[in-house]
> 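One structure coming up, written as structure tokens, with questions to follow.
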Amino acid sequence: MPVDLNGYWKMISNDNFEEYLKALDVNVAIRKIATLLKPDKDISHDGDHVVIKTLSTFKNYNMDFSVGKEFEEDLSGVDDRKCMTTISWEGDKLLCVQKGEKDGRGWTHWVEGDALHLGLRACGAMCKQLFKNT
């Protein structure tokens, strides 16, 4: 049984985010704005159907997917690209692989104690975000 990610999560830290955005070729103005934000995550999942909403005062981004089924992801709210995305459970971690223009792109969500962790990766750059359940 996968870990329960359901809940509303508030960001408490965001390490190396600008380097991650640089790896995605996000322009400097957007990078500066994005690094100032502390987005919340609203996650709901029922079995293999998952909805992850990333909410901020600048932009919102919604993912609605079925675990294990590849889909075309429109990242226009992030870096204006499209990619083929597959998300799967790897033990207690939700692992995302995004195939497209950027090598090694994806993310991993997992829970430790009362904290939600998010590891973002692209082109060798890594970002670590931490959220607390509210």
Side-chain angles (χ1 to χ4, degrees):
M1 178 82 181
V3 69
D4 185 6
L5 300 174
N6 286 299
Y8 195 89
W9 305 86
K10 289 207 156 285
M11 179 181 277
I12 59 172
S13 68
N14 190 5
D15 299 327
N16 208 38
F17 191 51
E18 186 161 8
E19 291 305 311
Y20 168 76
L21 293 175
K22 281 182 187 176
L24 293 176
D25 298 322
V26 173
N27 77 56
V28 69
I30 299 296
R31 282 199 321 260
K32 295 302 178 191
I33 293 168
T35 57
L36 296 174
L37 299 174
K38 289 196 174 248
D40 296 338
K41 296 274 184 187
D42 187 4
I43 302 176
S44 61
H45 69 94
D46 183 14
D48 284 338
H49 180 241
V50 181
V51 177
I52 300 175
K53 297 176 183 176
T54 304
L55 310 167
S56 77
T57 55
F58 182 65
K59 278 188 179 178
N60 295 332
Y61 183 70
N62 296 325
M63 289 187 77
D64 187 331
F65 58 90
S66 294
V67 174
K69 295 183 181 173
E70 186 177 56
F71 63 96
E72 183 178 60
E73 185 177 5
D74 183 353
L75 294 160
S76 58
V78 181
D79 65 341
D80 297 324
R81 291 187 172 89
K82 289 186 179 181
C83 62
M84 295 308 293
T85 298
T86 304
I87 301 167
S88 58
W89 287 108
E90 188 173 281
D92 284 344
K93 296 181 178 183
L94 196 57
L95 176 68
C96 171
V97 175
Q98 298 167 317
K99 297 176 190 169
E101 294 176 38
K102 295 295 180 179
D103 290 333
R105 184 173 185 172
W107 50 260
T108 305
H109 267 302
W110 70 97
V111 173
E112 287 179 14
D114 64 348
L116 173 72
H117 297 257
L118 173 59
L120 299 163
R121 59 192 177 278
C123 303
M126 298 286 292
C127 169
K128 175 82 184 292
Q129 298 179 343
L130 188 62
F131 301 81
K132 288 285 187 176
N133 200 334
T134 59

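Source: prediction; values computed, not measured. Numbering of residues begins at 1 and proceeds along the displayed sequence.
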> Roughly how far, to the nearest 0.5 Å, is the CZ atom of Phe58 from the CD1 atom of Ile30?
4.0 Å
> Would one find more than 12 heavy atoms of other residues, nucleotides or ligands at under 6.0 Å from atom NZ of Lys22?
yes
> Can you check whether Lys93 reaches Val3 side chain to side chain, under 4.5 Å on heavy atoms?
no
> Are Ile52 and Trp110 co-members of a hydrophobic cluster defined by side-chain heavy atoms under 4.5 Å apart?
no
> Looking at CD of Gln129 and CD1 of Ile12, how far apart are the two atoms once the value is rounded to the nearest 0.5 Å?
11.5 Å
> So how far is it from Phe131 CZ to Asp40 CG, rounded to the nearest 0.5 Å?
8.0 Å
> Working note: Leu37 + Thr57, criterion side chain to side chain contact (heavy atoms under 4.5 Å, CB included); need CA distance, chi angles, decisive distance, verdict.
CA-CA 8 Å; Leu37 299 174; Thr57 55; 3.6 Å; yes
> Would you say the side chain of Lys32 lies within less than 4.5 Å of the side chain of Val28, judging by non-hydrogen atoms?
yes
> What residues, two or more places apart in sequence or in another chain, satisfy salt bridge (charged side-chain N to carboxylate O under 4.0 Å, His left out) together with Lys41?
none
> Are Asp25 and Lys102 within salt-bridge range, i.e. N to O under 4.0 Å?
yes
> Measure the spacing between CE of Met84 and NZ of Lys99 and express it to the nearest 0.5 Å.
8.5 Å
> Going through the checks in order, is the side chain to side chain contact (heavy atoms under 4.5 Å, CB included) test met by His49 and Val51?
CA-CA 7 Å; His49 180 241; Val51 177; 3.8 Å; yes
> With a 4.5 Å cut-off on side-chain heavy atoms, are Leu116 and Leu118 touching?
no
> Heavy-atom count check: over 12 atoms from other residues, nucleotides or ligands less than 6.0 Å from Asn27 CG?
yes
> Under the side chain to side chain contact (heavy atoms under 4.5 Å, CB included) rule, what do Arg121 and Met126 come out as? Steps first, then yes or no, please.
CA-CA 5 Å; Arg121 59 192 177 278; Met126 298 286 292; 3.4 Å; yes
> For Leu21 and Ala34, which heavy atoms make the closest approach, and how far apart are they?
CD1-CB, 3.7 Å
> Which residue, Val111, Asp42, Thr134, Leu130, forms the side-chain contact (heavy atoms from CB on, under 4.5 Å) with Trp9?
Val111
> Check whether any side-chain heavy atom of Leu94 sits under 4.5 Å from a side-chain heavy atom of Leu5, and report yes or no.
yes
> Can you spot which of Arg81, Lys82, Gln98 makes a side-chain hydrogen bond (donor to acceptor under 3.5 Å, both in side chains) with Glu73?
Gln98
> Between Pro39 and Leu55, is there a side-chain heavy-atom distance shorter than 4.5 Å?
no
> Calculate, to the nearest 0.5 Å, the distance between atoms CG and OG1 belonging to Leu75 and Thr85 respectively.
6.5 Å
> Among residues at least two apart in sequence or on other chains, which ones pass side chain to side chain contact (heavy atoms under 4.5 Å, CB included) with Ala125?
Ala23
> Roughly how far, to the nearest 0.5 Å, is CD1 of Ile87 from SG of Cys96?
4.5 Å
> Looking at Lys53, I'd like to know if its NZ atom is crowded, meaning that more than 12 non-hydrogen atoms belonging to other residues, nucleotides or ligands lie closer than 6.0 Å.
no
> Parallel, tilted or perpendicular for Trp107 and His109, by the 30°/60° rule?
perpendicular
> With the 4.5 Å side-chain cut-off for hydrophobic clustering, are Met63 and Leu95 part of the same group?
no
> Can you find a pair of side-chain heavy atoms, one from Lys10 and one from Lys38, that are under 4.5 Å apart?
no
> Go through the steps to decide whether Asp114 and Asn133 satisfy the test side chain to side chain contact (heavy atoms under 4.5 Å, CB included), and finish with yes or no.
CA-CA 7 Å; Asp114 64 348; Asn133 200 334; 5.7 Å; no
> Does any non-hydrogen side-chain atom of Tyr20 lie less than 4.5 Å from one of Val26?
no
> Check the hydrophobic clustering (I, L, V, M, F, W, Y; side-chain heavy atoms under 4.5 Å; chains of links allowed) and say if Leu24 and Phe17 are grouped together.
yes
> Do Val97 and Leu120 share a hydrophobic cluster, counting only Ile, Leu, Val, Met, Phe, Trp and Tyr and linking them when any side-chain heavy atoms are less than 4.5 Å apart?
no
